[in-house]
Trainee: 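One structure is given below, represented as structure tokens, and several questions about it will come after.
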Amino acid sequence: MQKQCPECGKKIVGRIDKKFCSDACRNSYNNSINKDSKNLIRNTNNRLRKNYRILEVLNPDQKKKVSRAKMVEKGFDFNYFTSIYTTKAGTVYYFVYDQGYLPLEGDYYALVKRES
């Protein structure tokens, strides 16, 4: 019995345990299986990436105070973050991976970077 490539349908020649006819078909098949299948996931990841880049640019020295307007002007979206950290005193930091921000009075934010 001849095995067929699951990507292109050609017959597979070679080792008995070979699953694809070529590296190109193997890569193409795995890329299609592993891609973000839903727009929601892809869009959320893009949004988080953009927020992260904005925080990195605004906070080069790992601690800074910036206005909400400055963050919004750069395109920051406050609806997307990866975690929330609450201190023992009840202070709430929002993080996008290791870049964080703390709401302050007067529409300002303290930007911080979590130690690795």
Side-chain angles (χ1 to χ4, degrees):
M1 185 174 129
Q2 290 284 326
K3 285 183 20 177
Q4 285 188 313
C5 176
E7 180 65 16
C8 70
K10 290 182 185 173
K11 81 175 185 176
I12 297 175
V13 178
R15 291 178 22 184
I16 196 161
D17 63 343
K18 195 171 176 184
K19 294 179 181 169
F20 298 94
C21 68
S22 68
D23 285 340
C25 276
R26 179 178 48 81
N27 286 332
S28 178
Y29 179 84
N30 286 323
N31 285 341
S32 67
I33 293 295
N34 295 326
K35 75 178 183 185
D36 288 339
S37 58
K38 297 196 184 300
N39 280 337
L40 175 66
I41 294 169
R42 186 173 52 251
N43 291 342
T44 300
N45 286 336
N46 287 341
R47 195 71 250 169
L48 287 169
R49 238 187 320 276
K50 184 173 183 181
N51 276 358
Y52 185 82
R53 278 192 233 106
I54 291 166
L55 290 173
E56 250 184 342
V57 167
L58 291 175
N59 189 21
D61 301 321
Q62 302 177 7
K63 196 167 191 175
K64 190 170 183 180
K65 181 178 174 181
V66 298
S67 69
R68 178 183 179 89
K70 182 82 166 172
M71 293 171 77
V72 170
E73 174 189 310
K74 297 263 186 208
F76 194 84
D77 188 333
F78 289 90
N79 294 313
Y80 293 89
F81 49 89
T82 56
S83 64
I84 296 174
Y85 174 72
T86 306
T87 65
K88 289 178 184 170
T91 307
V92 178
Y93 287 85
Y94 297 87
F95 279 89
V96 180
Y97 305 110
D98 63 344
Q99 296 283 345
Y101 56 96
L102 166 70
L104 302 171
E105 290 192 17
D107 264 357
Y108 278 88
Y109 287 84
L111 305 184
V112 297
K113 184 170 182 186
R114 187 181 280 155
E115 294 296 318
S116 301

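Position 1 is the first residue of the sequence; numbering continues from there.
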Trainee: Applying ring-ring contact (aromatic ring centres under 6.0 Å, His included) as the test, list every pair that has at least one member in residues 57-77; sequence neighbours left out.
Mentor: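 Sorted result for residues 57-77: Phe76-Phe78, Phe76-Tyr101.
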Trainee: So which heavy atom on Val96 is nearest to which on Leu48, and how close?
Mentor: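 Of all heavy-atom pairs spanning Val96 and Leu48, the closest is CG1-O, 3.6 Å.
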Trainee: Return the CG to NZ distance between Asp17 and Lys3, rounded to the nearest 0.5 Å.
Mentor: 7.0 Å
Trainee: May I ask whether Tyr108 and Val66 are part of the same hydrophobic cluster, defined by side-chain heavy atoms of I, L, V, M, F, W, Y residues being less than 4.5 angstrom apart, directly or through others?
Mentor: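 No, it is not one cluster - the side chains of Tyr108 and Val66 are not joined through contacts under 4.5 Å.
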Trainee: At what distance, to the nearest 0.5 angstrom, does CG of Asn51 lie from CD of Glu56?
Mentor: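 Asn51 atom CG to Glu56 atom CD measures 12.0 Å (nearest 0.5 Å).
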Trainee: Judged by atom type as modelled, is there a donor-acceptor pair below 3.5 Å linking the side chain of Thr82 to the main-chain atoms of Phe95?
Mentor: yes
Trainee: With sequence neighbours left out, what residues match Glu7 under side-chain hydrogen bond (donor to acceptor under 3.5 Å, both in side chains)?
Mentor: Ser28
Trainee: For Leu104 and Ala110, which heavy atoms make the closest approach, and how far apart are they?
Mentor: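 Heavy atoms of Leu104 and Ala110 come nearest at CD1-N, 3.6 Å.
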Trainee: Which distance, rounded to the nearest 0.5 Å, do you find between the CG of Asp61 and the CG of Asn59?
Mentor: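 Those atoms lie 7.5 Å apart.
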Trainee: Quick one: list whatever passes side-chain hydrogen bond (donor to acceptor under 3.5 Å, both in side chains) with Asp23, sequence neighbours left out.
Mentor: Arg26
Trainee: For Ile16, give me all partners under side-chain contact (heavy atoms from CB on, under 4.5 Å), at least two apart in sequence or on another chain.
Mentor: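 Testing Ile16 for side-chain contact (heavy atoms from CB on, under 4.5 Å), a comparison that skips the adjacent residues, returns none.
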Trainee: Please report the interatomic distance CG(Leu40) to CG(Asn45), rounded to the nearest 0.5 Å.
Mentor: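 Going from CG on Leu40 over to CG on Asn45, the span is 9.5 Å.
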Trainee: Of all the heavy-atom pairs spanning Tyr80 and Arg47, show the shortest one and how long it is.
Mentor: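 In terms of heavy atoms, the two residues are closest at CD1-CG, 3.0 Å.
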Trainee: Using side-chain hydrogen bond (donor to acceptor under 3.5 Å, both in side chains) as the criterion, list what pairs up with Tyr52, not counting sequence neighbours.
Mentor: Asp98
Trainee: Provide the full list of side-chain hydrogen bond (donor to acceptor under 3.5 Å, both in side chains) pairs with a residue in residues 64-77, sequence neighbours left out, each pair given once.
Mentor: Arg68-Tyr109, Asp77-Asn79
Trainee: What distance do Thr86 atom OG1 and Tyr94 atom OH have between them, rounded to the nearest 0.5 Å?
Mentor: 8.0 Å
Trainee: Can you name the side-chain contact (heavy atoms from CB on, under 4.5 Å) partners of Lys19, sequence neighbours left out?
Mentor: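 If we apply the side-chain contact (heavy atoms from CB on, under 4.5 Å) test to Lys19, skipping adjacent residues, there are no hits.
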Trainee: Working to the nearest 0.5 angstrom, can you tell me the gap between Leu111 CG and Lys63 NZ?
Mentor: 11.5 Å
Trainee: Answer with yes or no whether the hydrophobic clustering places Phe81 together with Met71; edges join I, L, V, M, F, W, Y residues whose side-chain heavy atoms lie under 4.5 Å apart.
Mentor: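 Looking at the clustering, Met71 is in the same group as Phe81.
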Trainee: Heavy-atom distance under 4.5 Å between the side chains of Asn27 and Phe20, does that happen here?
Mentor: no
Trainee: Sequence neighbours excluded, which residues qualify as side-chain contact (heavy atoms from CB on, under 4.5 Å) partners of Ala24?
Mentor: Ser22
Trainee: Would you name the heavy atoms of Val92 and Ile84 that are closest together and state the gap between them?
Mentor: CG1-CG2, 3.4 Å
Trainee: Would you please name every residue forming a side-chain contact (heavy atoms from CB on, under 4.5 Å) with Lys11, sequence neighbours left out?
Mentor: Gln2, Val13
Trainee: Go through the structure and list residues passing side-chain hydrogen bond (donor to acceptor under 3.5 Å, both in side chains) with Asn31, not counting sequence neighbours.
Mentor: none
Trainee: If every non-hydrogen atom of Cys5 is compared with every non-hydrogen atom of Cys21, which pair is closest and at what distance?
Mentor: SG-N, 3.7 Å
